[in-house]
Amino acid sequence: MNILVTGGLGYIGSHTCVALLEAGYNVIVADNLCNSKEETKNRINQITGKELTFYQLEVTSDYAVEEIFNQHEIDGIIHFAGLKAVGESVEKPLVYYYNNIVSTMVLARACQKYGVKRFVFSSSATVYGDNKAPFIEDMKLLPTTNPYGETKAMCERILTDIAKAYPVFSVALLRYFNPVGAHESGLIGEAPNGIPNNLMPYVTQVAKGKLEKLRVFGNDYPTIDGTGVRDYIHVLDLAEGHVAALNNLKEGAHVYNLGTGQGTSVLKLVKAFEEANGIKIPYEIAARRPGDIASCYADASKAERELGWTATRNIVAMCRDAWNFEKTYRKHGENTKKVLMLF
Ligand code: NAD
Ligand code: UFG
């Protein structure tokens with residue numbers, strides 16, 4: 001079966017390509033490399049011993065996307081390609097709305113034109129807004145605080161409406177919680193540009209000595225120790241969740257949380273990292289970060305019930321593999337460079 005993976009050389013996409021190849025799928029990747037490197041393709045091949053097909057192209061372009069459909073019989077699409085930096089989306093809303101929404105519409109249109117019935121979409125727990133955790137799929141969604149989150153909520157609505165109008169279209173809307181970690185080989189992982197926004201890559205760069213200390217954003221939240229609680233999920237579990245979603249698609253649009261169901265505070269994660277890797281992480285308490293919520297974790301029971309999937313890797317494995325990638329990756333080279341900034 002041929003699966004088109006957009007954004008397949010990015011962080012979550014590359015791990016999912018590994019899982020798909022290992023599960024016996026043929027993988028065709030479309031990525032414009034705005035936040036990834038072509039070298040990742042070789043790493044995926046190295047890990048799996050299998051070849052994927054790569055197209056460097058823009059998935060907001062009907063014309064470019066149709067090239068793939070003219071070359072391959074596509075059986076399903078996993079759509080990862082998108083821009084994901086929350087702060088940047090506030091500064092450049094048009095770039096985010098255009099990239100994330102137009103790409104989804106271009107791909108949905110190609111599905112109709114070429115009769116593709118299977119579609120898996122990367123959504124985010126951010127669509128729950130300020131609801132009270134644990135987040136359950138049928139909760140009423142609250143407005144998100146940034147354009148990035150709005151693009152995810154809008155794409156969910158667009159795909160749901162299309163699936164209502166054309167019931168043969170089977171869509172899984174996957175709401176990811178906080179993906180961290182890396183493939184245990186250290187060959188692929190998350191390599192953000194510049195100073196990381198997210199906690200785990202920040203911690204690994206402090207461990208490396210690249211950054212002096214972690215700033216913990218707020219210790220006065222109503223949580224176990226006052227610091228923000230999140231549902232960290234190993235990226236390999238997340239990747240396996242995509243294979244499960246693809247294997248269990250059913251007609252209509254269906255939402256699934258992909259999380260562990262466990263909340264971990266910032267200080268607990270720091271402690272787990274120190275214990276897993278034997279490295280001290282210096283930190284200071286800083287002011288709350290605007291837009292952050294106190295607690296975000298999943299009710300992960302629907303994915304278990306309907307997809308037969310649960311996350312199996314614990315926080316220690318997440319910290320160990322994240323650090324292993326940071327060490328290995330730096331040996332291989334420097335960060336990627338963003339090339340797409342249109343507006
Ligand atoms: P990433 O930036 O590592 O990967 C995205 C990939 O898409 C990159 O390789 C980039 O080059 C490519 N891309 C972007 N726009 C494109 C376009 N117009 N045409 C072709 N390729 C394009 O991000 P990721 O962390 O792997 O995230 C993948 C998806 O999951 C995104 O849609 C993101 O919004 C979503 N998501 C991520 C997180 C997270 O914390 N990482 C959480 C929730 C949801
Ligand atoms: N944090 C710090 N210091 C840092 C970075 C983060 O204390 O230097 C804290 C945050 O305040 C938060 C927790 O660590 O309490 C996690 O923050 P991240 O930035 O790693 O992740 P977020 O939960 O804020 O956001 C992530 C993605 C979003 C996605 C969301 C839900 O960045 O795109 O998870 O899936 F929408």
Side-chain angles (χ1 to χ4, degrees), residues 5-16 29-38 40 55-61 64-65 78-87 89 95-96 98-100 102-104 106-107 121-128 135 144 146 148-149 151-152 155 174-180 189-193 195-203 205-206 211 213-219 221 223 227-233 235 238 257-259 264-267 269-270 283-286 288-298 336 338-340 342:
V5 183
T6 73
L9 297 189
Y11 174 45
I12 306 169
S14 57
H15 291 83
T16 303
V29 166
D31 197 307
N32 66 4
L33 302 180
C34 73
N35 199 31
S36 52
K37 280 183 176 172
E38 193 169 350
T40 300
Y55 290 86
Q56 182 174 352
L57 58 76
E58 186 47 64
V59 294
T60 53
S61 156
V65 164
I78 305 183
H79 179 33
F80 290 106
L83 300 174
K84 62 167 182 176
V86 172
S89 79
V95 176
Y96 274 68
Y98 186 84
N99 195 66
N100 293 2
V102 172
S103 61
T104 303
V106 163
L107 292 163
F121 177 69
S122 297
S123 189
S124 166
T126 195
V127 299
Y128 289 108
F135 297 152
T144 64
N146 57 79
Y148 165 73
T151 68
K152 293 297 175 189
C155 287
L174 304 183
R175 294 181 182 157
Y176 311 154
F177 283 71
N178 289 55
V180 294
E190 187 177 20
N193 296 301
I195 297 180
N197 289 313
N198 296 123
L199 181 61
M200 185 66 94
Y202 203 103
V203 166
Q205 294 202 14
V206 171
L211 296 169
K213 61 182 156 192
L214 173 70
R215 289 191 311 140
V216 175
F217 297 139
N219 66 348
Y221 286 107
T223 60
T227 65
V229 164
R230 296 292 182 271
D231 186 340
Y232 298 98
I233 173 168
V235 67
L238 195 56
N257 285 340
L258 295 187
T264 303
S265 73
V266 176
L267 292 181
L269 184 131
V270 168
Y283 69 84
E284 65 183 14
I285 305 296
R288 289 183 179 194
R289 186 171 63 176
D292 273 356
I293 57 173
S295 288
C296 170
Y297 55 93
T336 56
K338 240 187 191 145
V339 291
L340 179 85
L342 300 174

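Along the sequence shown, the residues carry numbers beginning at 1. In listed order, ligands and their atoms are each counted from 1.
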More than 12 foreign heavy atoms under 6.0 Å from OH of Tyr283: is that the case here? no

Does an N or O anywhere in [X] fall below 3.5 Å from an N or O of ligand 1?
X: Pro179; result: no
X: Tyr148; result: yes
X: Thr60; result: no
X: Ala30; result: no
X: Ser123; result: no
X: Glu58; result: yes
X: Ala81; result: no

Tell me the contacting part of [X] for ligand 1: side chain, backbone, both, or neither, using a 4.0 Å heavy-atom threshold, strictly below.
X: Leu33; result: backbone
X: Asp31; result: both
X: His79; result: neither

Quick one about [Y] and [X] (side-chain donor to acceptor, distance below 3.5 Å, no hydrogens or angles considered), yes or no?
X: Tyr202; Y: Arg215; answer: no
X: Tyr176; Y: Ser122; answer: yes
X: Asn219; Y: Thr227; answer: no

Checking heavy-atom distances from atom 30 (O) of ligand 1 to each of Phe80, Phe177, Tyr176, Tyr96, the winner is Tyr176

Please compare Asn32, Asn100, Asn35 and report which has the shortest non-hydrogen distance to atom 2 (O) of ligand 1. Asn35

Looking at CD1 of Ile12 and CZ of Phe80, how far apart are the two atoms once the value is rounded to the nearest 0.5 Å? 6.5 Å

State whether Tyr297 and Arg230 meet the cation-pi test: NZ (Lys) or CZ (Arg) under 6.0 Å from the six-membered ring centroid, and within 45° of the perpendicular axis. no

At less than 4.0 angstrom from any non-hydrogen atom of Gly7, what atoms of ligand 1 do you find?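 Ligand 1 atoms under the 4.0 Å threshold to Gly7: 6 (C), 7 (O), 12 (C).
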
Dump all N/O pairs between ligand 2 and the protein below 3.5 Å as a table: atom names plus distance, one pair per row.
from	atom 1	to	atom 2	distance (Å)
ligand 2	3 (N)	Arg215	O	2.7
ligand 2	7 (O)	Arg215	O	3.4
ligand 2	7 (O)	Phe217	N	2.9
ligand 2	11 (O)	Asp292	OD2	2.6
ligand 2	17 (O)	Arg289	NH2	3.4
ligand 2	19 (O)	Asn198	ND2	3.0
ligand 2	19 (O)	Arg289	NH1	3.4
ligand 2	19 (O)	Arg289	NH2	2.8
ligand 2	20 (O)	Asn198	ND2	3.4
ligand 2	20 (O)	Leu199	N	2.8
ligand 2	21 (O)	Asn178	ND2	3.1
ligand 2	23 (O)	Asn178	ND2	3.0
ligand 2	23 (O)	Arg230	NE	2.7
ligand 2	24 (O)	Arg289	NH2	2.9
ligand 2	32 (O)	Asn198	ND2	2.9
ligand 2	34 (O)	Asn178	ND2	3.4
ligand 2	35 (O)	Tyr176	O	3.2
ligand 2	35 (O)	Phe177	O	3.0

